[in-house]
Amino acid sequence: MEISIHPNLCDKVPGIFFGILQYDGIAVSDSPQMLKGRLQLFQESLFFDLEDKNVTDFEEIKEWRTLFKKLGKDPNRYRHSAEALYRRVKKQNYIPTMNSAAGINNFFSLKFRLPIGIYDIAFVSGAVEIRHGRPDDAYHGLNGRENAMENIIVTADDKWPFGSPFVDSVRTAVTQETKDALQVVFFPPSFDAGEAEKLLESLGSMFVQVNGGEFSKKILACT
C-alpha cells in the first residue's frame, strides 16, 4: 500500500513521524481472556497512578496537545485519543475490549500515551496520504458524531479522510470481518526513533500472536 506524508504537514510540524503497520490474513474475534485481563489490570494500575497526577502531566500527552494547538485546533475541545483514554481511566470509566484488534490498539495507546489508529484495508480506496485537515474534511466517527476534521492531522485515501489522532471513521472500522488492516502510530517529534522501532515490533508481534496473519512495519518520516 502506498502511503505518504503531504509536504505541507512537514512544514507545519517539522520532525513529526508515523509508524505504519500492515497486517495480512488476520482473524479478528472477541478479545481473548488474556487480553481482557491485561487491559483491565493495566487500567486499574494506571487509575492509582493518576490519583495524584493530572492527565496533562505526561509529556507525550502534553506534546500532542501542543501539536493540536499549533495546527489550529483547540486541545480542550478536541482531545487526542490517548488523552481521551487517560481521562476515562482517571474517572474509573475503564475501556472495554470491543474486539481483539481494538483491545490491542487501546492497550498500546494507554501504555505509550500515543494516538494509534487501525483501519480495515478493504474499505480504503487507493493511495493513503497523511496531511493537514482541509476546510471540507469531515466524517462520521466512532464517537457517534459527524466530526469536522479541519486543522487536524488526517489519514486520507482517494475519497476522503478516514482516520486521525482525534477519532477514526466508521467507514474503515475494523470488525470480525476484517482480513487485512492498516495501523498508524502517531509519533510526536520528540519521540526517540529507536524506541519507536521497538514499539512497532512489539505491537506487531502481539497483534499477530492474538489475531494471526503476518505483519510488516516501517517508519514514515518527513524528508
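We number each residue from 1, following the sequence as shown.
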Problem set entry | Candidate pair Ile121 and Thr178, rule side chain to side chain contact (heavy atoms under 4.5 Å, CB included), full reasoning | CA-CA 8 Å; Ile121 288 176; Thr178 301; over 6 Å; no
For this session: Decide side-chain hydrogen bond (donor to acceptor under 3.5 Å, both in side chains) for Asp168 and Tyr119; before the verdict, give the C-alpha distance in whole Å, the side-chain angles of both, and the deciding distance to 0.1 Å.
Result: CA-CA 8 Å; Asp168 290 327; Tyr119 317 103; 2.9 Å; yes
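- Atoms CG and CD, on Leu50 and Gln43 in that order, are 11.0 Å from each other to the nearest 0.5 Å.
- A cation-pi arrangement is absent between Lys73 and Phe68 under the rule of less than 6.0 angstrom and at most 45 degrees off the ring axis.
- A heavy-atom distance below 4.5 Å is found between the side chains of Ser164 and Tyr139.
- Rounding to the nearest 0.5 Å gives a distance of 13.5 Å between NE2 of His140 and CZ of Arg171.
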Exercise. Can you check side chain to side chain contact (heavy atoms under 4.5 Å, CB included) on Phe186 and Ile116, steps first, answer last?
Worked result: CA-CA 6 Å; Phe186 297 87; Ile116 304 175; 5.8 Å; no
For this session: Show your reasoning for whether side chain to side chain contact (heavy atoms under 4.5 Å, CB included) applies to Phe166 and Met149.
Result: CA-CA 9 Å; Phe166 168 53; Met149 305 307 292; 4.3 Å; yes
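- Scanning both residues, Tyr94 and Arg88, for their nearest heavy atoms gives O-NH2, 3.4 Å.
- Under the side-chain hydrogen bond (donor to acceptor under 3.5 Å, both in side chains) criterion, Glu214 pairs with no residue at all, not counting sequence neighbours.
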For this session: Given side-chain hydrogen bond (donor to acceptor under 3.5 Å, both in side chains), test Glu63 with Ser190 step by step and report yes or no.
Result: CA-CA 8 Å; Glu63 185 171 9; Ser190 71; 2.3 Å; yes
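- Residues Leu203 and Val208 fall within the same hydrophobic cluster, defined by Ile, Leu, Val, Met, Phe, Trp and Tyr side chains chained together at heavy-atom separations under 4.5 Å.
- Annotation: the span from Leu114 atom CG to Ile61 atom CD1 amounts to 9.0 Å, rounded to 0.5 Å.
- Minimum heavy-atom separation, Gln183 to Tyr23: OE1-OH, 2.6 Å.
- Going from atom CD1 of Ile3 over to atom CD1 of Ile130 covers 7.0 Å, rounded to the nearest 0.5 Å.
- Neither side chain, Asn93 nor Arg87, offers a donor N or O lying under 3.5 Å from an acceptor on the other.
- Counting only heavy atoms from C-beta outward, the side chains of Asn151 and Tyr78 never approach each other to under 4.5 Å.
- A side-chain donor-acceptor contact under 3.5 Å links Thr175 to the backbone of Glu177.
- Ser45 contributes no side-chain N or O that, together with a main-chain N or O of Leu41, makes up a donor-acceptor pair within less than 3.5 Å.
- Side chain of Asp137 to main chain of Arg134: a donor-acceptor pair is present (N/O by atom type, distance under 3.5 Å, no hydrogens or angles).
- Of the possible donor and acceptor atoms, one in the side chain of Ser169 sits under 3.5 Å from a partner among the backbone N and O of Phe162.
- In this structure a side-chain-to-backbone donor-acceptor pair under 3.5 Å is missing from Asn54 to Asp57.
- No side-chain heavy atom of Thr155 sits under 4.5 Å from any side-chain heavy atom of Pro161.
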Problem set entry | Residues Phe18, Phe187; criterion ring pair (Phe, Tyr, Trp, His ring centres under 6.0 Å); working and verdict | CA-CA 5 Å; Phe18 306 91; Phe187 290 110; 8.4 Å; no
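- Across every non-hydrogen atom of Leu39 and Leu110, the tightest pair is CD1-CD1, 3.9 Å.
- Tyr86 has its ring centre less than 6.0 Å from the ring centre of Phe58.
- The two residues Pro14 and Pro189 make their nearest non-hydrogen contact at O-CG, 3.7 Å.
- In summary, Glu59 and Lys62 engage in a salt bridge, as defined by a charged side-chain N under 4.0 Å from a carboxylate O.
- By the rule that hydrophobic residues join a cluster once side-chain heavy atoms approach within less than 4.5 Å of another member, Phe48 and Val55 end up as members of one cluster.
- The hydrophobic clustering, which links ILVMFWY residues whose side-chain heavy atoms are closer than 4.5 Å, places Ile5 and Met1 together.
- Between His80 and Trp64, the angle of the ring planes lies from 30° to 60°, which puts this pair in the tilted group.
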Exercise. Can you check side chain to side chain contact (heavy atoms under 4.5 Å, CB included) on Leu71 and Leu9, steps first, answer last?
Worked result: CA-CA 9 Å; Leu71 289 165; Leu9 180 58; 4.3 Å; yes
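- One finds the CG atom of Leu35 at 5.0 Å from the CE atom of Met206 (value rounded to the nearest 0.5 Å).
- Of the charged side-chain nitrogens involved, at least one lies within less than 4.0 Å of a carboxylate oxygen, so that Arg65 and Glu83 count as a salt-bridged pair.
- With salt bridges taken as basic N to acidic carboxylate O contacts below 4.0 Å, none links Lys36 and Asp30.
- A pairwise comparison of heavy atoms in Gly141 and Asn147 identifies N-ND2, 3.3 Å as the closest pair.
- Proximity of Phe42 to Lys111: side-chain heavy atoms (C-beta onward) are separated by under 4.5 Å at one or more points.
- Residues Lys12 and Lys70 approach most closely at O-CE, 3.1 Å, considering heavy atoms.
- Proximity of Val184 to Leu220: side-chain heavy atoms (C-beta onward) are nowhere separated by under 4.5 Å.
- Clustering ILVMFWY residues whenever any of their side-chain heavy atoms sit less than 4.5 angstrom apart, transitively, puts Ile95 in the very cluster that holds Val210.
- More than 12 non-hydrogen atoms from other residues, nucleotides or ligands lie less than 6.0 angstrom from NZ of Lys218.
- Taking CD from Glu197 and CG from Asp192, the interatomic distance works out to 10.5 Å, rounded to the nearest 0.5 Å.
- Phe215 pairs by the ring pair (Phe, Tyr, Trp, His ring centres under 6.0 Å) definition with nothing, not counting sequence neighbours.
- For the pair Ser81/Leu85, no side-chain contact is recorded, criterion being any heavy-atom separation below 4.5 Å from C-beta on.
- Phe123 and Ile20 end up in different hydrophobic clusters when Ile, Leu, Val, Met, Phe, Trp and Tyr side chains are linked at under 4.5 Å.
- Using a 4.5 Å heavy-atom threshold, the side chains of Phe108 and Phe207 count as separate.
- Using a 4.5 Å cut-off on side-chain heavy atoms (C-beta onward), His6 and His132 make no contact.
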For this session: Show the numbers, then the answer: is there a side-chain hydrogen bond (donor to acceptor under 3.5 Å, both in side chains) between Asp158 and Ser125?
Result: CA-CA 6 Å; Asp158 289 349; Ser125 176; 4.5 Å; no
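- Few gaps surround CD on Glu146; more than 12 heavy atoms of other groups in view lie less than 6.0 Å from it.
- No side-chain N or O of Asn99 forms a donor-acceptor pair with one of Gln176 less than 3.5 Å apart.
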